[in-house]
Protein chains: 2
Amino acid sequence: MTDKQERILSCGLQLFAKNGYNATSTSQIAKAAEVSEGLIFRHFKSKEGLLHAILKEGQQKIDQLYANVINETEPKSVIKNFLQIPFLVPQTEYNFWKLLFALKWELDIDNSVNQKPINIVLTKAFEQLSYKEPDLEAAFLVNYLEGFTSAIVKGDGVPDSNLNAFLQRKYML
Amino acid sequence: MTDKQERILSCGLQLFAKNGYNATSTSQIAKAAEVSEGLIFRHFKSKEGLLHAILKEGQQKIDQLYANVINETEPKSVIKNFLQIPFLVPQTEYNFWKLLFALKWELDIDNSVNQKPINIVLTKAFEQLSYKEPDLEAAFLVNYLEGFTSAIVKGDGVPDSNLNAFLQRKYML
DNA sequence: GTCTATACCTCGATAGAC
DNA sequence: GTCTATCGAGGTATAGAC
């Protein structure tokens, strides 16, 4: 991976996240990365190829984030770590998350692949804690976190830790 | 409002919702609405003008939906009606909601104008029900509903009423 | 139907590493 | 001399606009 390739990936992410995929032209990216436009196509085949390269690079970070939940065995910690996810994302990566949210609607790129195992683990945790309807408890929290992270990433603000502390009390974690 | 104007609005909504704002060309809309492309610009000034006309038309329906919550006085009914919102949206209007979600990211059109009064009313309801931290309870539910409606509109499926019934039990509504 | 701009993309030429 | 990274001048289509 050469320096210019990395600059294309980085600037592509910035611009896609800031202005949207369709609204960003390859010439803009080239200008920002200070490379010739042709180079983008040499390396990434097409504009969409560039997008997928960007997504692939970011996917690792997502996996790491979810690993904290999946690999946890103690049920209370599973829930606690799940709720903590938004706080583990460094601000430098907000752009990537913003892009993910936008792509869900702009193209039909949905990485709900990660959602399923999370849902299973969460359900199991509630079950072990003797909640009456563990699957619905899990679904409830999953929807909450979707809304919460959406609000954070959208507002480019820091997540409100009060809400998190509140939930830890509510669920006795 | 002529027949052709309405067809432009309707087809514009369909296509914007389905393929995104930037990815939809005015010529596509003209073809779908069976009008000349020039007519779009005569009536709506620009592509963005058309978008705003579409949004303005839909705003009324949003207001109606939220009115059920805002105008309610009995605290339990406030919360109940709030949670019911997604179930009151007819499938024929899913396209409009989908467009709203997409625009939040694609352009920076955010109609969180409605969010504030809802938050206040919800907080008050929890307060009257003697919840310890009514503001956080409200914020929690608001985030949940954002995630829930997002999932519904995205999945073009019917909302899961089990989850709603579960929450009515949980909050003793 | 026509205009202008710009979108995505191609490709031959170049330059340096080995 | 081959190979890989790069440049930048086009090409073709289509966008929004009127």
Side-chain angles (χ1 to χ4, degrees), chain A residues 1-58 95 98-100 102-109, chain B residues 1-58 95 98-100 102-109:
Chain A
M1 177 86 61
T2 68
D3 178 54
K4 298 203 176 185
Q5 267 178 77
E6 275 173 22
R7 258 158 40 210
I8 293 169
L9 284 170
S10 169
C11 292
L13 171 56
Q14 310 297 330
L15 290 169
F16 285 157
K18 185 170 167 57
N19 304 324
Y21 172 73
N22 281 302
T24 302
S25 69
T26 50
S27 75
Q28 274 178 272
I29 296 169
K31 185 164 285 180
E34 294 176 296
V35 300
S36 72
E37 194 179 354
L39 193 63
I40 295 175
F41 295 91
R42 263 262 170 287
H43 284 311
F44 303 103
K45 180 90 176 153
S46 66
K47 186 185 175 184
E48 220 182 325
L50 170 59
L51 176 65
H52 287 303
I54 290 169
L55 290 179
K56 194 175 173 185
E57 216 190 27
N95 268 338
K98 196 174 173 187
L99 178 59
L100 278 188
L103 285 176
K104 188 163 116 178
W105 300 99
E106 191 168 3
L107 310 184
D108 271 298
I109 296 176
Chain B
M1 176 86 59
T2 67
D3 178 52
K4 294 197 178 184
Q5 267 180 76
E6 275 174 21
R7 259 163 33 212
I8 292 170
L9 284 170
S10 169
C11 292
L13 171 57
Q14 310 296 328
L15 289 169
F16 285 157
K18 185 170 168 57
N19 303 323
Y21 173 72
N22 281 302
T24 302
S25 70
T26 49
S27 73
Q28 273 177 276
I29 296 170
K31 185 166 285 181
E34 293 176 297
V35 300
S36 73
E37 194 179 351
L39 194 63
I40 294 176
F41 292 91
R42 196 161 284 301
H43 284 311
F44 303 103
K45 178 94 175 147
S46 67
K47 186 185 175 184
E48 219 182 325
L50 170 60
L51 176 65
H52 287 303
I54 290 169
L55 290 179
K56 194 173 174 185
E57 214 189 29
N95 268 339
K98 197 174 173 186
L99 178 60
L100 277 188
L103 286 177
K104 188 164 114 177
W105 301 99
E106 192 168 0
L107 310 185
D108 271 300
I109 297 176

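Below, read A as the first sequence line, B as the second, and so on, with proteins coming before strands; counting in each chain starts at 1.
To the nearest angstrom, C1' of D/dA17 lies 17 Å from CG of B/Leu51. Whole-Å rounding puts the B/Ile8 CD1 to D/dA17 P distance at 14 Å. Computed from coordinates, the A/Asp3 CG to D/dT4 C1' distance equals 16 Å when rounded to whole Å. For the pair B/Asn22 CG and D/dG16 C1', the computed distance is 12 Å after rounding to whole Å. Put simply, NZ on A/Lys47 is 8 Å from P on C/dC9, counting in whole angstrom units. Here the P atom of nucleotide D/dT4 and the CE atom of A/Met1 are 17 Å apart, to the nearest Å. In this structure, A/Leu39 places its CG atom 14 Å from C1' of C/dC9, rounding to the nearest Å. In this structure, B/Ile40 places its CD1 atom 10 Å from P of D/dA17, rounding to the nearest Å.
Contact annotation for B/Ser36: no contact, since no heavy-atom pair falls under 4.0 Å across all strands. Contacts of A/Arg42 with the nucleic acid, taken as non-hydrogen atoms under 4.0 Å apart, include base atoms.
With hydrogens and angles disregarded, a donor-acceptor distance shorter than 3.5 Å links the side chain of A/Glu106 to the backbone of A/Asn22.
Residues A/Ile29 and A/Phe16 form a side-chain contact, since some pair of their non-hydrogen atoms from C-beta on lies under 4.5 Å apart. Between B/Lys47 and B/Tyr21 the shortest side-chain heavy-atom distance falls below 4.5 Å. Looking at heavy atoms from C-beta onward, B/Gln28 lies in side-chain contact with B/Asn19 at the 4.5 angstrom threshold. A/Leu50 has its side chain within reach of A/Leu9: a pair of non-hydrogen atoms, C-beta onward, lies under 4.5 Å apart. Counting only heavy atoms from C-beta outward, the side chains of B/Gln14 and B/Asn95 approach each other to under 4.5 Å. Within the 4.5 Å cutoff, the side chain of A/Ile109 has heavy atoms near those of the A/His52 side chain.
At D/dA17, none of the side-chain N or O atoms of B/Lys45 fall inside 4.0 Å of OP1 or OP2 (strictly under the cut-off). For D/dT4, neither phosphate oxygen OP1 nor OP2 lies less than 4.0 angstrom from any side-chain nitrogen or oxygen of A/His43.
Between C/dC8, C/dG12, D/dG16, one nucleotide has an atom nearer to the side chain of A/Glu37 than all others, and that is C/dC8. The side chain of B/Phe41 lies closest to D/dC18 when the candidates are C/dC8, D/dC18, D/dC7. Comparing D/dA17, D/dA15, D/dG8 by their closest approach to the side chain of B/Ser25 singles out D/dA15. Comparing C/dC9, D/dC7, D/dA17 by their nearest atom to the side chain of A/Val35 picks out D/dC7.
Note: A/Leu55 CG to A/Leu107 CG = 9.0 Å, rounded to the nearest 0.5 Å.
A/Glu37 and A/Thr26 share a donor-acceptor pair across their side chains, judged by distance under 3.5 Å alone.
The residue among A/Tyr21 and B/Gly38 whose nearest nucleotide of DNA chain C is located toward the 5' end is B/Gly38.
Defining each end axis of the helix from C/dG1-D/dC18 to C/dC18-D/dG1 as the rotation carrying four pairs' C1' atoms onto the next four, with five pairs an end, the two axes are found to diverge by 10° to 10 degrees.
Residues from residues 26-33 of chain B that place a heavy atom under 4.0 Å from any atom of DNA chain D, listed by number: B/Thr26, B/Ser27.
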List the steps, then state whether side-chain contact (heavy atoms from CB on, under 4.5 Å) holds for A/Asp3 with A/Arg7. CA-CA 6 Å; A/Asp3 178 54; A/Arg7 258 158 40 210; 2.6 Å; yes
